[in-house]
Amino acid sequence: MFISATLCVSCTSTTQKVPDYLVGSFQDDYNIEYELTEKLFFQKPGTRFHILKWNIDDQYFIARNDSLNSYNPNLYSRIDWVKFEEMQPFEWGFCLTAYKAATPDSAEIAAVPDRNNPKTGCNGYPFSRMKPSTK
């Protein structure tokens, strides 16, 4: 029996299912529209992050910035999230913890945000609060 294993850094990596509340169409505090799938985080109208790795337990994903993004194209980002309780209509928030890392590994080792303090826990700024899109 022959078994082949291939290391694929650019493949989506997760051993757990992405939480349902993260997948779909969203609007942030400023009415910016987003789409999040297992493979793409899309900030409309034109900023895309191609998800390379999910870390469900530690609540972040690593992504490659799209080559057509106006800021930091082809670099790497770490995007952390937190699920909110009793903050309706906002269900979760994200922090762009790292956004111009040279490698996926350097994005991944960025300082962890303070999820217990979502108003200032994202490098001194608030987490962007996300609610289901109405559009």
Quick check: closest heavy atoms across [X] and [Y], and the distance to 0.1 Å?
| X | Y | value |
| --- | --- | --- |
| Pro89 | Pro132 | O-CD, 3.7 Å |
| Gln59 | Lys83 | NE2-N, 4.1 Å |
| Leu40 | Ile51 | N-CD1, 3.8 Å |
| Ala63 | Phe49 | CB-CB, 3.7 Å |
| Leu75 | Ala101 | CB-O, 3.4 Å |
| Pro104 | Leu52 | CG-CD1, 4.2 Å |

**Result of checking Trp81, Tyr125, Tyr34 against Phe94 for ring pair (Phe, Tyr, Trp, His ring centres under 6.0 Å)** = Tyr34
**Prompt:** Can you list the steps and then say if Ser67 with Asn74 is a side chain to side chain donor-acceptor pair (under 3.5 Å)?
**Reply:** CA-CA 5 Å; Ser67 63; Asn74 295 317; 4.5 Å; no
Just verifying a value: how many Å separate [X] [atom1] and [Y] [atom2], rounded to the nearest 0.5 Å?
| X | Y | atom1 | atom2 | answer |
| --- | --- | --- | --- | --- |
| His50 | Tyr76 | NE2 | OH | 11.0 Å |
| Cys95 | Asp114 | SG | CG | 10.0 Å |
| Asn55 | Glu108 | CG | CD | 6.5 Å |
| Asp66 | Phe42 | CG | CZ | 9.5 Å |
| Lys100 | Ser106 | NZ | OG | 12.0 Å |
| Phe26 | Ser128 | CZ | OG | 13.5 Å |

**Item:** Working for side-chain contact (heavy atoms from CB on, under 4.5 Å), residues Arg48 and Leu68
**Value:** CA-CA 8 Å; Arg48 291 176 175 81; Leu68 300 177; over 6 Å; no
State plainly whether the residues [X] and [Y] are in salt-bridge range, i.e. N to O under 4.0 Å.
| X | Y | value |
| --- | --- | --- |
| Glu91 | Arg129 | no |
| Asp28 | Lys131 | no |
| Lys44 | Glu35 | yes |

**Message:** Working note: Ile79 + Phe41, criterion side-chain contact (heavy atoms from CB on, under 4.5 Å); need CA distance, chi angles, decisive distance, verdict.
**Reply:** CA-CA 10 Å; Ile79 300 172; Phe41 186 48; 3.6 Å; yes
**Item:** Heavy-atom side-chain contact between Leu36 and Val23 under 4.5 Å
**Value:**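 Not touching, per the 4.5 Å side-chain cut-off.
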**Message:** For Phe90, I'd like to know if atom CZ has over 12 heavy atoms of other residues, nucleotides or ligands within 6.0 Å.
**Reply:**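 More than 12 within 6.0 Å, yes.
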Quick one: do [X] and [Y] end up in the same hydrophobic cluster if we chain Ile, Leu, Val, Met, Phe, Trp and Tyr together by side-chain heavy atoms under 4.5 Å apart?
| X | Y | value |
| --- | --- | --- |
| Tyr30 | Met87 | no |
| Ile56 | Trp92 | yes |
| Leu96 | Phe61 | yes |
| Tyr21 | Val82 | no |

**Item:** Intermediate values then yes/no, side-chain contact (heavy atoms from CB on, under 4.5 Å), Thr134 and Gln27
**Value:** CA-CA 8 Å; Thr134 57; Gln27 231 175 25; 3.8 Å; yes
**Request:** Start with the C-alpha distance between Asp80 and Thr97, add both sets of side-chain angles, then the distance that settles side chain to side chain donor-acceptor pair (under 3.5 Å), and finish with yes or no.
**Result:** CA-CA 6 Å; Asp80 286 80; Thr97 308; 2.5 Å; yes
**Prompt:** Under 3.5 Å, side chain of Asn69 to main-chain N/O of Asn72, donor-acceptor pair present?
**Reply:**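 Not confirmed, Asn69 side chain does not pair with Asn72 backbone.
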**Message:** Between Ile62 and Trp54, is the side-chain contact (heavy atoms from CB on, under 4.5 Å) condition met? List the steps.
**Reply:** CA-CA 7 Å; Ile62 303 299; Trp54 285 90; over 6 Å; no
**Item:** Over-ring placement of Arg78 relative to Tyr60, 6.0 Å and 45° cut-offs
**Value:**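 The answer is yes; both the distance and angle limits are met.
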